[in-house]
Amino acid sequence: MLPDGVGADALAELGRRLGTPPALAGATVTLVPAGALRVNDLGALENLLIGRHSAVCVEVVRAAAVDAGAGRGTGALAAPEARARQGDGRAAPATGDSLLVRRTLRSGQRIRFAGNVVVLGDVNPGAEIVAGGDIVVMGTLRGVAHAGAAGDADAIVAAFRLQPTQIRVGGVIGRSPDGAYERPEIPEIARVREGVLVVERLQPGFGEIAAGDRQA
Amino acid sequence: MGEVIVITSGKGGVGKTTTSANLGAALAAQGRSVVLVDADIGLRNLDVVMGLENRIVYDLVDVVEGYARVRQALIRDKRFENLCLLPAAQTKDKTAVSPDQMRALCHELREEFDFVLVDSPAGIEQGFRNAIAGAEQALVVATPEVSSVRDADRIIGLLEAERMPPPRLIINRMRASMVRRGDMMDISDIIDILAIELIGVVPEDEAIVVSTNRGEPAALLPSSRAGAAYRDIARRLRGESVPIAASAAQEGSLFGRLRRLLGAR
Ligand SMILES: Nc1ncnc2c1ncn2[C@@H]1O[C@H](COP(=O)(O)OP(=O)(O)O)[C@@H](O)[C@H]1O
Ligand SMILES: [Mg+2]
(Lines give C-alpha, C1' and ligand atoms only; values in the text may rest on other atoms or scores of the structure.)
(Ligands and ions follow the chains in the order given, each with its own letter.)
Protein backbone atom coordinates (compact mmCIF):
# COMPACT_ATOMS: atom_id res chain seq x y z
CA MET A 1 0.00 0.00 0.00
CA LEU A 2 1.20 3.43 -0.84
CA PRO A 3 0.35 6.60 1.03
CA ASP A 4 -1.67 9.29 -0.71
CA GLY A 5 0.94 10.89 -2.91
CA VAL A 6 4.46 9.55 -2.92
CA GLY A 7 6.97 11.92 -1.42
CA ALA A 8 10.70 11.82 -2.02
CA ASP A 9 11.13 10.34 1.46
CA ALA A 10 8.74 7.50 0.81
CA LEU A 11 10.49 6.78 -2.47
CA ALA A 12 13.91 6.73 -0.86
CA GLU A 13 12.59 4.44 1.89
CA LEU A 14 11.18 2.06 -0.72
CA GLY A 15 14.51 2.09 -2.50
CA ARG A 16 16.31 1.21 0.74
CA ARG A 17 13.94 -1.63 1.50
CA LEU A 18 14.37 -3.14 -1.93
CA GLY A 19 18.09 -3.44 -1.29
CA THR A 20 20.71 -3.97 -3.99
CA PRO A 21 19.41 -3.76 -7.53
CA PRO A 22 18.11 -5.58 -9.41
CA ALA A 23 15.82 -6.84 -6.67
CA LEU A 24 12.78 -7.37 -8.89
CA ALA A 25 14.25 -8.93 -12.05
CA GLY A 26 11.43 -10.28 -14.20
CA ALA A 27 8.74 -9.49 -11.64
CA THR A 28 5.34 -7.95 -12.15
CA VAL A 29 4.77 -5.34 -9.45
CA THR A 30 1.27 -4.45 -8.43
CA LEU A 31 0.82 -1.11 -6.73
CA VAL A 32 -2.17 -0.60 -4.49
CA PRO A 33 -2.45 3.12 -3.85
CA ALA A 34 -4.44 4.15 -0.79
CA GLY A 35 -5.41 7.38 -2.51
CA ALA A 36 -4.79 9.09 -5.81
CA LEU A 37 -1.53 8.43 -7.57
CA ARG A 38 -0.20 11.33 -9.60
CA VAL A 39 1.47 10.81 -12.95
CA ASN A 40 4.75 12.18 -11.61
CA ASP A 41 4.65 9.79 -8.66
CA LEU A 42 4.03 6.95 -11.00
CA GLY A 43 6.93 8.00 -13.20
CA ALA A 44 9.25 8.09 -10.20
CA LEU A 45 8.02 4.70 -9.02
CA GLU A 46 8.52 3.22 -12.45
CA ASN A 47 12.02 4.60 -12.64
CA LEU A 48 12.77 2.89 -9.38
CA LEU A 49 10.99 -0.42 -9.94
CA ILE A 50 11.68 -0.91 -13.64
CA GLY A 51 14.67 1.28 -14.32
CA ARG A 52 16.71 0.35 -11.26
CA HIS A 53 15.30 -2.95 -10.13
CA SER A 54 14.42 -4.57 -13.49
CA ALA A 55 10.75 -5.32 -12.89
CA VAL A 56 9.06 -6.11 -16.21
CA CYS A 57 5.64 -4.74 -15.47
CA VAL A 58 4.10 -2.27 -13.05
CA GLU A 59 0.36 -2.29 -12.68
CA VAL A 60 -1.72 -0.06 -10.48
CA VAL A 61 -4.94 -1.52 -9.18
CA ARG A 62 -7.42 -0.71 -6.51
CA ALA A 63 -7.57 -2.79 -3.37
CA ALA A 64 -10.84 -4.52 -4.18
CA ALA A 65 -9.50 -5.88 -7.47
CA VAL A 66 -6.47 -7.29 -5.69
CA ASP A 67 -8.48 -8.84 -2.91
CA ALA A 68 -10.66 -10.56 -5.47
CA GLY A 69 -7.51 -12.24 -6.77
CA ALA A 70 -8.13 -10.94 -10.26
CA GLY A 71 -6.04 -12.75 -12.87
CA ARG A 72 -2.96 -11.12 -14.29
CA GLY A 73 -3.38 -12.87 -17.62
CA THR A 74 -4.87 -11.94 -20.94
CA GLY A 75 -7.79 -9.62 -20.70
CA ALA A 76 -8.51 -10.35 -17.07
CA LEU A 77 -6.57 -7.66 -15.29
CA ALA A 78 -9.49 -6.65 -13.16
CA ALA A 79 -12.54 -8.63 -12.23
CA PRO A 80 -15.62 -7.49 -14.17
CA GLU A 81 -17.57 -7.39 -10.92
CA ALA A 82 -15.12 -4.86 -9.48
CA ARG A 83 -17.52 -2.16 -10.56
CA ALA A 84 -20.52 -3.78 -8.95
CA ARG A 85 -18.70 -4.08 -5.67
CA GLN A 86 -18.64 -0.33 -5.49
CA GLY A 87 -22.23 -0.90 -4.59
CA ASP A 88 -23.85 2.49 -4.84
CA GLY A 89 -24.09 2.58 -8.63
CA ARG A 90 -22.47 6.00 -8.78
CA ALA A 91 -19.97 6.77 -11.49
CA ALA A 92 -16.33 6.26 -10.59
CA PRO A 93 -14.55 9.39 -9.41
CA ALA A 94 -12.66 11.44 -11.96
CA THR A 95 -9.37 10.79 -10.23
CA GLY A 96 -8.53 7.98 -7.90
CA ASP A 97 -8.23 4.33 -8.77
CA SER A 98 -6.39 3.79 -11.98
CA LEU A 99 -5.22 0.69 -13.75
CA LEU A 100 -1.96 1.08 -15.56
CA VAL A 101 -1.43 -1.33 -18.42
CA ARG A 102 2.18 -1.39 -19.49
CA ARG A 103 1.77 -3.22 -22.78
CA THR A 104 -0.09 -3.17 -26.04
CA LEU A 105 -3.56 -4.66 -25.95
CA ARG A 106 -3.86 -6.99 -28.90
CA SER A 107 -6.86 -8.34 -30.77
CA GLY A 108 -9.09 -10.38 -28.48
CA GLN A 109 -7.73 -8.86 -25.27
CA ARG A 110 -10.13 -7.04 -23.08
CA ILE A 111 -9.82 -4.95 -19.93
CA ARG A 112 -12.65 -3.97 -17.66
CA PHE A 113 -11.97 -1.78 -14.72
CA ALA A 114 -14.12 0.30 -12.40
CA GLY A 115 -11.73 3.27 -12.33
CA ASN A 116 -9.56 4.93 -14.97
CA VAL A 117 -7.43 2.94 -17.39
CA VAL A 118 -4.10 4.14 -18.71
CA VAL A 119 -2.39 2.13 -21.43
CA LEU A 120 1.30 2.58 -22.11
CA GLY A 121 1.14 1.04 -25.55
CA ASP A 122 -1.40 0.68 -28.31
CA VAL A 123 -4.94 -0.66 -28.26
CA ASN A 124 -5.16 -2.67 -31.46
CA PRO A 125 -8.21 -3.42 -33.58
CA GLY A 126 -10.19 -6.17 -31.90
CA ALA A 127 -9.08 -5.16 -28.38
CA GLU A 128 -11.47 -3.49 -25.97
CA ILE A 129 -11.32 -1.37 -22.83
CA VAL A 130 -14.31 -0.78 -20.60
CA ALA A 131 -13.63 1.70 -17.79
CA GLY A 132 -15.81 3.24 -15.13
CA GLY A 133 -13.72 6.40 -15.41
CA ASP A 134 -11.43 7.87 -18.07
CA ILE A 135 -9.33 6.06 -20.65
CA VAL A 136 -5.94 7.37 -21.69
CA VAL A 137 -3.89 5.58 -24.33
CA MET A 138 -0.26 6.60 -24.62
CA GLY A 139 -0.13 5.16 -28.09
CA THR A 140 -2.59 4.50 -30.89
CA LEU A 141 -6.16 3.61 -30.00
CA ARG A 142 -7.54 1.50 -32.84
CA GLY A 143 -9.88 -0.79 -30.92
CA VAL A 144 -12.97 -0.13 -28.85
CA ALA A 145 -12.97 2.13 -25.79
CA HIS A 146 -15.91 2.60 -23.44
CA ALA A 147 -15.29 5.25 -20.80
CA GLY A 148 -17.74 6.15 -18.04
CA ALA A 149 -19.22 2.71 -18.50
CA ALA A 150 -21.43 3.05 -15.44
CA GLY A 151 -23.08 6.12 -16.93
CA ASP A 152 -20.58 8.91 -16.30
CA ALA A 153 -21.10 11.22 -19.28
CA ASP A 154 -18.21 13.42 -18.08
CA ALA A 155 -15.64 10.73 -18.72
CA ILE A 156 -13.09 11.18 -21.52
CA VAL A 157 -11.11 9.04 -23.91
CA ALA A 158 -7.73 10.45 -24.90
CA ALA A 159 -5.00 8.96 -27.06
CA PHE A 160 -1.79 10.00 -28.76
CA ARG A 161 -3.44 8.77 -31.95
CA LEU A 162 -7.18 8.40 -31.81
CA GLN A 163 -8.26 6.01 -34.57
CA PRO A 164 -10.82 3.91 -32.73
CA THR A 165 -13.20 1.37 -34.18
CA GLN A 166 -15.74 2.70 -31.73
CA ILE A 167 -15.81 4.98 -28.70
CA ARG A 168 -18.50 5.11 -26.09
CA VAL A 169 -18.72 7.60 -23.29
CA GLY A 170 -21.49 6.88 -20.83
CA GLY A 171 -24.38 5.96 -23.06
CA VAL A 172 -23.20 7.90 -26.13
CA ILE A 173 -21.69 5.93 -29.01
CA GLY A 174 -19.43 7.20 -31.75
CA ARG A 175 -17.70 5.21 -34.43
CA SER A 176 -15.08 5.93 -37.04
CA PRO A 177 -16.39 6.87 -40.48
CA ASP A 178 -16.71 3.99 -42.94
CA GLY A 179 -14.02 3.77 -45.57
CA ALA A 180 -10.92 5.93 -45.83
CA TYR A 181 -10.76 9.10 -43.77
CA GLU A 182 -8.28 11.70 -42.66
CA ARG A 183 -6.37 10.63 -39.58
CA PRO A 184 -4.74 13.58 -37.90
CA GLU A 185 -1.35 12.72 -36.43
CA ILE A 186 -1.91 14.60 -33.19
CA PRO A 187 -3.11 13.60 -29.71
CA GLU A 188 -6.86 13.92 -29.41
CA ILE A 189 -9.57 13.67 -26.80
CA ALA A 190 -13.14 12.46 -27.17
CA ARG A 191 -15.84 13.65 -24.79
CA VAL A 192 -19.56 14.25 -24.73
CA ARG A 193 -20.73 17.77 -25.32
CA GLU A 194 -24.42 18.49 -25.43
CA GLY A 195 -25.26 14.86 -25.88
CA VAL A 196 -22.91 14.13 -28.77
CA LEU A 197 -19.44 12.71 -28.86
CA VAL A 198 -16.89 15.25 -30.07
CA VAL A 199 -13.23 14.78 -30.82
CA GLU A 200 -10.84 17.64 -30.17
CA ARG A 201 -7.14 18.29 -30.23
CA LEU A 202 -5.66 17.34 -26.87
CA GLN A 203 -4.60 20.61 -25.23
CA PRO A 204 -2.26 20.93 -22.28
CA GLY A 205 -4.26 21.10 -19.08
CA PHE A 206 -7.26 19.23 -20.46
CA GLY A 207 -7.39 17.21 -17.25
CA GLU A 208 -7.91 20.28 -15.09
CA ILE A 209 -10.65 21.52 -17.33
CA ALA A 210 -12.28 18.12 -17.26
CA ALA A 211 -12.11 18.05 -13.47
CA GLY A 212 -13.60 21.53 -13.32
CA ASP A 213 -16.45 20.46 -15.55
CA ARG A 214 -17.19 17.63 -13.21
CA GLN A 215 -17.41 19.84 -10.16
CA ALA A 216 -19.66 22.32 -11.90
CA MET B 1 21.14 -28.49 -29.16
CA GLY B 2 18.78 -27.29 -31.86
CA GLU B 3 16.10 -24.62 -31.94
CA VAL B 4 12.40 -25.41 -31.96
CA ILE B 5 10.49 -22.86 -34.05
CA VAL B 6 6.74 -22.91 -34.56
CA ILE B 7 5.26 -21.42 -37.73
CA THR B 8 1.82 -20.07 -36.97
CA SER B 9 -0.76 -17.48 -38.05
CA GLY B 10 -4.24 -17.78 -36.62
CA LYS B 11 -5.86 -17.55 -40.01
CA GLY B 12 -5.81 -20.49 -42.41
CA GLY B 13 -4.47 -20.41 -45.93
CA VAL B 14 -1.92 -17.62 -45.41
CA GLY B 15 1.12 -19.80 -46.05
CA LYS B 16 2.20 -21.61 -42.87
CA THR B 17 2.72 -24.93 -44.63
CA THR B 18 4.36 -23.27 -47.63
CA THR B 19 6.68 -21.40 -45.26
CA SER B 20 7.53 -24.52 -43.24
CA ALA B 21 8.40 -26.51 -46.36
CA ASN B 22 10.46 -23.75 -47.94
CA LEU B 23 12.37 -22.79 -44.81
CA GLY B 24 13.07 -26.47 -44.17
CA ALA B 25 14.42 -26.93 -47.69
CA ALA B 26 16.40 -23.69 -47.59
CA LEU B 27 18.00 -24.45 -44.22
CA ALA B 28 18.87 -27.97 -45.39
CA ALA B 29 20.38 -26.59 -48.61
CA GLN B 30 22.47 -24.28 -46.40
CA GLY B 31 23.85 -27.32 -44.61
CA ARG B 32 21.75 -27.42 -41.44
CA SER B 33 19.95 -30.51 -40.22
CA VAL B 34 16.23 -29.91 -40.10
CA VAL B 35 13.13 -31.80 -39.08
CA LEU B 36 9.71 -30.58 -40.16
CA VAL B 37 6.92 -31.50 -37.77
CA ASP B 38 3.42 -31.41 -39.21
CA ALA B 39 1.25 -30.49 -36.22
CA ASP B 40 -1.88 -30.01 -38.32
CA ILE B 41 -3.37 -33.30 -37.24
CA GLY B 42 -6.34 -34.42 -39.27
CA LEU B 43 -5.50 -32.05 -42.12
CA ARG B 44 -1.98 -33.05 -42.94
CA ASN B 45 -0.44 -31.63 -46.08
CA LEU B 46 3.18 -30.80 -45.37
CA ASP B 47 4.03 -34.26 -46.73
CA VAL B 48 2.25 -33.44 -49.99
CA VAL B 49 4.00 -30.09 -50.35
CA MET B 50 7.32 -31.87 -49.76
CA GLY B 51 6.39 -34.62 -52.21
CA LEU B 52 6.83 -37.31 -49.56
CA GLU B 53 3.27 -38.54 -49.10
CA ASN B 54 3.93 -41.96 -50.61
CA ARG B 55 6.60 -42.76 -48.01
CA ILE B 56 4.54 -42.36 -44.86
CA VAL B 57 4.39 -45.44 -42.66
CA TYR B 58 4.00 -44.04 -39.16
CA ASP B 59 2.90 -40.59 -38.06
CA LEU B 60 3.15 -38.19 -35.12
CA VAL B 61 0.19 -39.74 -33.29
CA ASP B 62 1.72 -43.22 -33.62
CA VAL B 63 4.84 -41.81 -31.97
CA VAL B 64 3.13 -40.11 -29.03
CA GLU B 65 0.90 -43.13 -28.49
CA GLY B 66 3.94 -45.39 -28.39
CA TYR B 67 3.20 -47.43 -31.51
CA ALA B 68 6.37 -46.27 -33.20
CA ARG B 69 9.67 -44.75 -32.22
CA VAL B 70 10.53 -41.30 -33.54
CA ARG B 71 13.23 -42.77 -35.78
CA GLN B 72 10.77 -45.10 -37.43
CA ALA B 73 8.30 -42.34 -38.18
CA LEU B 74 10.78 -39.80 -39.59
CA ILE B 75 10.80 -39.65 -43.38
CA ARG B 76 14.00 -38.63 -45.07
CA ASP B 77 13.68 -36.05 -47.83
CA LYS B 78 14.33 -37.07 -51.45
CA ARG B 79 16.79 -34.25 -52.04
CA PHE B 80 18.57 -33.73 -48.74
CA GLU B 81 20.07 -36.25 -46.36
CA ASN B 82 19.82 -33.71 -43.55
CA LEU B 83 16.09 -32.94 -43.95
CA CYS B 84 13.37 -35.07 -42.35
CA LEU B 85 9.62 -34.90 -41.97
CA LEU B 86 7.47 -36.14 -39.10
CA PRO B 87 4.05 -36.36 -40.74
CA ALA B 88 0.73 -35.64 -39.05
CA ALA B 89 -1.93 -38.30 -38.74
CA GLN B 90 -4.67 -37.98 -41.29
CA THR B 91 -7.24 -40.16 -39.59
CA LYS B 92 -7.13 -38.83 -36.04
CA ASP B 93 -8.07 -35.43 -34.70
CA LYS B 94 -6.08 -32.94 -32.69
CA THR B 95 -7.27 -34.23 -29.32
CA ALA B 96 -5.14 -37.32 -29.96
CA VAL B 97 -2.12 -35.30 -28.78
CA SER B 98 -1.53 -33.25 -25.64
CA PRO B 99 0.74 -30.22 -25.17
CA ASP B 100 2.91 -32.26 -22.78
CA GLN B 101 3.42 -34.96 -25.38
CA MET B 102 4.34 -32.36 -28.00
CA ARG B 103 6.81 -30.78 -25.60
CA ALA B 104 8.49 -34.12 -24.94
CA LEU B 105 8.61 -34.88 -28.66
CA CYS B 106 10.16 -31.51 -29.56
CA HIS B 107 12.75 -31.88 -26.81
CA GLU B 108 13.72 -35.27 -28.17
CA LEU B 109 13.98 -33.95 -31.74
CA ARG B 110 16.06 -30.94 -30.88
CA GLU B 111 18.77 -33.23 -29.52
CA GLU B 112 19.31 -34.51 -33.06
CA PHE B 113 18.55 -31.60 -35.37
CA ASP B 114 19.75 -28.02 -35.70
CA PHE B 115 16.23 -26.85 -36.47
CA VAL B 116 12.86 -28.30 -35.49
CA LEU B 117 10.20 -26.46 -37.53
CA VAL B 118 6.64 -27.05 -36.34
CA ASP B 119 3.87 -26.33 -38.87
CA SER B 120 0.87 -25.16 -36.85
CA PRO B 121 -2.78 -25.63 -37.77
CA ALA B 122 -5.04 -22.58 -38.15
CA GLY B 123 -7.03 -21.39 -35.15
CA ILE B 124 -6.31 -20.73 -31.50
CA GLU B 125 -7.66 -23.97 -30.06
CA GLN B 126 -5.95 -27.14 -28.97
CA GLY B 127 -4.14 -27.74 -32.24
CA PHE B 128 -2.44 -24.36 -31.85
CA ARG B 129 -1.71 -25.06 -28.16
CA ASN B 130 -0.06 -28.33 -29.16
CA ALA B 131 1.99 -26.73 -31.90
CA ILE B 132 3.44 -24.05 -29.62
CA ALA B 133 3.92 -26.30 -26.59
CA GLY B 134 7.42 -27.44 -27.44
CA ALA B 135 8.57 -24.30 -29.25
CA GLU B 136 10.88 -21.66 -27.85
CA GLN B 137 10.46 -19.27 -30.78
CA ALA B 138 7.65 -18.44 -33.15
CA LEU B 139 7.35 -17.12 -36.67
CA VAL B 140 4.01 -15.52 -37.40
CA VAL B 141 2.87 -15.55 -41.03
CA ALA B 142 0.44 -12.89 -42.23
CA THR B 143 -0.74 -11.74 -45.62
CA PRO B 144 -1.25 -8.01 -46.25
CA GLU B 145 -4.96 -8.16 -45.52
CA VAL B 146 -6.82 -6.67 -42.59
CA SER B 147 -8.31 -9.99 -41.45
CA SER B 148 -4.97 -11.78 -41.57
CA VAL B 149 -3.22 -9.02 -39.63
CA ARG B 150 -6.01 -9.06 -37.05
CA ASP B 151 -5.59 -12.80 -36.52
CA ALA B 152 -1.82 -12.48 -36.38
CA ASP B 153 -2.25 -9.84 -33.66
CA ARG B 154 -4.43 -12.23 -31.66
CA ILE B 155 -1.83 -14.96 -31.99
CA ILE B 156 0.97 -12.62 -30.92
CA GLY B 157 -1.05 -11.74 -27.81
CA LEU B 158 -1.46 -15.42 -26.99
CA LEU B 159 2.25 -16.10 -27.53
CA GLU B 160 3.13 -13.18 -25.26
CA ALA B 161 0.87 -14.62 -22.58
CA GLU B 162 2.86 -17.88 -22.87
CA ARG B 163 5.98 -15.90 -22.06
CA MET B 164 7.61 -16.78 -25.35
CA PRO B 165 10.12 -14.26 -26.69
CA PRO B 166 8.48 -11.82 -29.14
CA PRO B 167 7.70 -13.71 -32.34
CA ARG B 168 9.06 -12.58 -35.69
CA LEU B 169 6.88 -11.74 -38.64
CA ILE B 170 6.80 -13.07 -42.19
CA ILE B 171 4.60 -11.13 -44.59
CA ASN B 172 3.55 -13.49 -47.37
CA ARG B 173 1.93 -12.95 -50.76
CA MET B 174 3.01 -9.33 -51.01
CA ARG B 175 2.14 -7.66 -54.29
CA ALA B 176 4.17 -4.54 -54.82
CA SER B 177 1.93 -3.38 -57.65
CA MET B 178 -1.17 -3.49 -55.49
CA VAL B 179 0.57 -1.67 -52.65
CA ARG B 180 1.69 1.00 -55.07
CA ARG B 181 -1.87 1.55 -56.20
CA GLY B 182 -2.91 1.77 -52.56
CA ASP B 183 -5.03 -1.37 -52.86
CA MET B 184 -3.13 -3.40 -50.29
CA MET B 185 -1.82 -2.80 -46.79
CA ASP B 186 1.81 -1.81 -46.97
CA ILE B 187 4.55 -3.09 -44.73
CA SER B 188 4.65 -0.05 -42.50
CA ASP B 189 0.87 -0.29 -41.92
CA ILE B 190 1.31 -3.89 -40.79
CA ILE B 191 4.34 -3.25 -38.59
CA ASP B 192 2.58 -0.24 -37.03
CA ILE B 193 -0.09 -2.53 -35.68
CA LEU B 194 1.82 -5.72 -34.90
CA ALA B 195 4.96 -4.03 -33.58
CA ILE B 196 7.18 -7.10 -33.89
CA GLU B 197 10.38 -7.71 -35.81
CA LEU B 198 9.99 -8.40 -39.53
CA ILE B 199 12.10 -11.38 -40.61
CA GLY B 200 11.07 -11.43 -44.25
CA VAL B 201 8.66 -10.47 -47.00
CA VAL B 202 7.67 -13.17 -49.49
CA PRO B 203 6.15 -11.96 -52.75
CA GLU B 204 3.14 -13.47 -54.42
CA ASP B 205 4.68 -15.94 -56.87
CA GLU B 206 3.14 -18.44 -59.27
CA ALA B 207 6.18 -20.64 -58.76
CA ILE B 208 4.79 -21.43 -55.29
CA VAL B 209 1.65 -22.93 -56.74
CA VAL B 210 3.53 -24.91 -59.38
CA SER B 211 6.17 -26.15 -56.98
CA THR B 212 3.59 -27.03 -54.32
CA ASN B 213 1.75 -29.20 -56.79
CA ARG B 214 5.00 -30.88 -57.81
CA GLY B 215 6.14 -31.45 -54.23
CA GLU B 216 9.28 -29.41 -54.93
CA PRO B 217 9.80 -26.39 -52.59
CA ALA B 218 10.32 -23.13 -54.48
CA ALA B 219 13.25 -22.29 -52.21
CA LEU B 220 15.23 -24.74 -54.35
CA LEU B 221 14.42 -22.95 -57.60
CA PRO B 222 17.02 -20.26 -58.32
CA SER B 223 14.60 -18.29 -60.50
CA SER B 224 11.72 -18.04 -58.01
CA ARG B 225 11.39 -14.68 -56.23
CA ALA B 226 9.48 -16.25 -53.36
CA GLY B 227 12.17 -18.94 -53.19
CA ALA B 228 14.85 -16.25 -52.89
CA ALA B 229 12.89 -14.58 -50.08
CA TYR B 230 12.71 -17.90 -48.22
CA ARG B 231 16.44 -18.48 -48.69
CA ASP B 232 17.07 -15.05 -47.13
CA ILE B 233 14.76 -15.80 -44.20
CA ALA B 234 16.64 -19.07 -43.63
CA ARG B 235 19.90 -17.12 -43.43
CA ARG B 236 18.35 -14.68 -40.96
CA LEU B 237 17.17 -17.61 -38.85
CA ARG B 238 20.77 -18.79 -38.77
CA GLY B 239 21.73 -15.42 -37.34
CA GLU B 240 23.11 -13.79 -40.49
CA SER B 241 22.14 -10.20 -41.07
CA VAL B 242 20.63 -10.01 -44.54
CA PRO B 243 18.93 -6.75 -45.47
CA ILE B 244 15.30 -7.07 -46.43
CA ALA B 245 15.14 -6.36 -50.15
CA ALA B 246 14.37 -2.76 -50.96
CA SER B 247 11.92 -3.86 -53.62
CA ALA B 248 9.83 -5.67 -51.04
CA ALA B 249 10.04 -3.50 -47.98
CA GLN B 250 10.89 0.08 -48.73
CA GLU B 251 8.78 0.49 -51.79
CA GLY B 252 5.67 -0.20 -49.81
CA SER B 253 6.48 1.95 -46.85
CA LEU B 254 7.79 4.89 -48.87
CA PHE B 255 4.74 4.96 -51.04
CA GLY B 256 2.54 4.61 -48.01
CA ARG B 257 4.16 7.57 -46.34
CA LEU B 258 4.05 9.68 -49.45
CA ARG B 259 0.43 8.86 -49.88
CA ARG B 260 -0.27 9.99 -46.33
CA LEU B 261 1.76 13.15 -46.79
CA LEU B 262 -0.19 14.00 -49.90
CA GLY B 263 -3.39 13.38 -48.00
CA ALA B 264 -4.50 10.80 -50.53
CA ARG B 265 -6.51 8.80 -48.03
N1 LIG C 1 3.87 -16.50 -51.82
C2 LIG C 1 2.87 -17.19 -52.39
N3 LIG C 1 2.55 -16.98 -53.69
C4 LIG C 1 1.52 -17.66 -54.26
N5 LIG C 1 0.77 -18.58 -53.65
C6 LIG C 1 1.03 -18.83 -52.35
C7 LIG C 1 2.08 -18.16 -51.66
N8 LIG C 1 2.09 -18.62 -50.38
C9 LIG C 1 1.10 -19.55 -50.30
N10 LIG C 1 0.47 -19.69 -51.46
C11 LIG C 1 -0.68 -20.58 -51.74
O12 LIG C 1 -1.67 -20.36 -50.76
C13 LIG C 1 -2.32 -21.55 -50.42
C14 LIG C 1 -2.33 -21.74 -48.90
O15 LIG C 1 -1.00 -21.92 -48.46
P16 LIG C 1 -0.65 -22.86 -47.22
O17 LIG C 1 0.83 -22.82 -47.05
O18 LIG C 1 -1.26 -24.22 -47.39
O19 LIG C 1 -1.38 -22.10 -46.05
P20 LIG C 1 -1.65 -22.55 -44.53
O21 LIG C 1 -0.73 -23.68 -44.21
O22 LIG C 1 -1.37 -21.32 -43.73
O23 LIG C 1 -3.08 -22.95 -44.46
C24 LIG C 1 -1.60 -22.67 -51.14
O25 LIG C 1 -2.37 -23.03 -52.26
C26 LIG C 1 -0.30 -22.04 -51.56
O27 LIG C 1 0.20 -22.59 -52.75
MG1 LIG D 1 -1.22 -25.64 -43.43
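Being a predicted model, the structure only gives us computed values, none of them experimental. A note on names: the letters A, B, ... follow the listed sequences, proteins ahead of strands, and every chain is numbered from 1. Heavy-atom basis, side chains included; hydrogens, waters and symmetry copies ignored.
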CZ (Arg142(A)) and CG (Asp192(B)) are apart, to the nearest 0.5 Å, by 5.5 Å

Checking heavy-atom separations under 4.5 Å from chain B, one finds in residues 121-128 of chain A Asp122(A), Asn124(A), Pro125(A), Gly126(A)

Taken to the nearest 0.5 Å, the spacing of Arg106(A) CZ from Asp153(B) CG works out to 5.0 Å

Minimal heavy-atom distance between Gln109(A) and Gly157(B), with the atoms involved, is NE2-CA, 3.6 Å

